[in-house]
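Working notes, beginning with the structure itself.
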Amino acid sequence: MQLSPSETQTLVQRTAREFAERVVRPLAADIDAKAKIPDAVVRGLGELGLLAVNVSPDVGGAGAGAVAYALAVQEIARACASSAVTMSVTNMVGEAITHFGTPAQARHYVSDLARGDAGLGCFALSEAEAGSDPGAMTTTARRDGSHGGEWVLDGAKQWISGGSAARVFIVWARTRPIEAASKGISCFLVDGNAAGLRVGRPEDKMGIRGSSTVPLEFSGCRVPASAMLGSENEGFKIAMMALDGGRIGISSQAIGIARAALDESVRYAKDRRTFGAPIAEHQAIQWKLADMQTRIEAAHLLSMRAAWMKETGHAFSREAAIAKLFASESAIAVCNDAVQIHGGYGYTRDFAAERHLRDARVTTIYEGTSEIQRLVIARSALA
Ligand code: CAA
């Protein structure tokens with residue numbers, strides 16, 4: 001594994017950092033307070049190629065690879081976790097459509113997603129009672145032979161990130177009875193404004209408040225035969241492979257949030273004085289800062305390894321699960337320390353440390369809980 005980034009990776013990282021510092025960071029508190037990401041942020045991400053970093057330029061992507069993508073998500077997350085997850089999920093959807101879709105599907109959807117001016121890419125897998133166990137989903141897709149093989153979707157999805165501003169949803173639905181479990185699921189591309197699709201009210205969340213999280217209802221929602229992504233009944237594997245990549249995105253998001261918490265803590269510790277000295281001079285604080293830095297660096301290396309394995313065509317499910325597990329749990333520990341270093345001020349909305357802790361909390365939950373990552377890692381150890 002190459003430890004120093006290539007010229008392209010450095011360029012993408014610098015571009016993301018510059019945009020994050022100049023445009024995103026100044027808006028981050030407001031994005032959290034108003035629970036909305038301004039269109040200019042999504043458009044800006046699109047203009048810089050950050051919504052399709054690892055997607056081929058043939059369909060409008062930057063073609064910069066999985067490592068560059070992971071570095072870029074970190075930079076955006078360091079400024080605003082809501083913007084980073086928006087970026088991450090749209091990249092994941094664009095990659096899945098390019099990888100598993102037909103050239104016509106990729107042309108139709110991916111360049112819109114890459115530009116960022118037509119809406120986001122959303123991943124509609126989870127249901128109210130099928131989150132960790134998507135093989136238990138009950139949303140159905142029935143073929144209507146009398147209408148040229150159209151598919152009719154019925155059911156409900158839950159916890160859909162970015163769903164309020166979707167250009168396209170990748171929707172998983174049963175095409176065989178429930179007994180077929182993961183072997184009876186197919187995958188469809190559904191436009192955000194499709195008839196028969198109702199996008200529900202965004203959840204009132206603890207963190208990543210700028211990124212909407214919505215329920216979806218499908219009621220006789222018709223899509224053409226050409227809307228199927230990949231092969232019939234092979235949808236579960238598409239979900240798993242897309243999630244492997246998505247987990248690199250969430251580990252990068254967690255690292256970015258943790259870096260922001262460390263930045264704030266260092267600044268505060270140099271400024272705030274107790275017992276006649278800046279608290280940065282007290283060993284109790286220095287040890288916390290050292291532990292925070294160490295966790296971040298270890299998470300970064302794990303995340304880079306997973307991204308490098310993906311980029312170089314190796315199997316990377318286990319490495320992505322390890323990176324996501326460690327980075328997300330580390331982010332919560334780091335952000336918790338950041339609040340502690342800030343003392344009472346860290347518990348107020350006047351300091352960003354409080355937002356970082358709220359934003360970090362979801363990273364052990366979505367795109368596979370820590371328990372699911374442990375299951376994936378343990379299965380691989382026992383295989
Ligand atoms: N890549 C390719 N294929 C895979 C795979 C992978 N990573 N993981 C499993 N498969 C294949 C298996 O090989 C198997 O294939 P065969 O039927 O041909 O043998 C098939 O898929 C079924 O596999 P399992 O028997 O292992 O399936 P399982 O039901 O036991 O589940 C699991 C495995 C890892 C627990 C999986 O269900 C899982 O990852 N659950 C978590 C789901 C998740 O992450 N949800 C998050 C929601 S999305 C989200 O959060 C996005 C967002 O909004 C931000």
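Just so you know, ligand 1 is whichever comes first in the structure, and atom 1 is the first atom listed for that ligand. No experiment lies behind these values; they were computed from the predicted model shown.
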Go through ligand 1 atom by atom and flag the ones less than 4.0 Å from a non-hydrogen atom of [X].
X	result
Arg379	24 (P), 26 (O), 30 (O), 33 (C)
Ser126	47 (C)
Ser182	22 (C)
Ser161	52 (C), 53 (O), 54 (C)
Tyr366	50 (O), 54 (C)
Ser317	7 (N)
Lys183	16 (P), 17 (O)

[X]/[Y] ion pair, N-O < 4.0 Å:
X	Y	result
Arg358	Asp32	yes
Glu232	Arg143	yes
Arg107	Asp58	no

Near Arg22 CZ, under 6.0 Å, is it more than 12 heavy atoms from other residues, nucleotides or ligands? yes
Using distance only, find each side-chain donor-acceptor pair of residues 36-47 under 3.5 Å and give its atom names and separation, not counting sequence neighbours.
none

Under a 4.0 Å heavy-atom limit, does [X] contact ligand 1 with its side chain, its backbone, both, or neither?
X	answer
Val376	side chain
Ser132	backbone
Arg247	side chain

Please report which non-hydrogen protein atom sits nearest to [atom], along with the residue it belongs to and the distance in Å to one decimal place.
atom	result
atom 42 (C) of ligand 1	Gly131 O, 3.6 Å
atom 7 (N) of ligand 1	Asp244 OD2, 2.8 Å
atom 11 (C) of ligand 1	Lys237 CG, 3.9 Å
atom 1 (N) of ligand 1	Met241 CG, 3.5 Å

Which option, [options], owns the non-hydrogen atom nearest [atom]?
atom	options	value
atom 37 (O) of ligand 1	Gly135, Gly368, Ala321, Pro134	Pro134
atom 32 (C) of ligand 1	Met240, Glu367, Glu234	Met240
atom 27 (O) of ligand 1	Phe236, Phe316, Trp159, Phe123	Phe236

With a 4.0 Å cut-off, strictly under, does atom 13 (O) of ligand 1 pick up any protein heavy atom? no
So, do Glu367 and Phe123 sit near enough that their side-chain heavy atoms are less than 4.5 Å apart? no
Do Gln9 and Gln13 come within less than 4.5 Å of each other through their side chains, counting heavy atoms only? no
Hydrophobic clustering (ILVMFWY, side-chain heavy atoms < 4.5 Å, transitive) - are Leu301 and Trp308 grouped together?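 Yes, because Trp308 and Leu301 connect within a single hydrophobic cluster, where side-chain heavy atoms sit under 4.5 Å apart.
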Cluster overlap Leu243 with Ile185, hydrophobic side-chain contacts below 4.5 Å: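 Yes, because Leu243 and Ile185 connect within a single hydrophobic cluster, where side-chain heavy atoms sit under 4.5 Å apart.
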Taking the six-membered ring for Trp, are Trp159 and Tyr366 ring centroids under 6.0 Å apart?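 So the answer is no for these two rings.
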Listed partners of Gln286 passing side chain to side chain donor-acceptor pair (under 3.5 Å), at least two apart: none
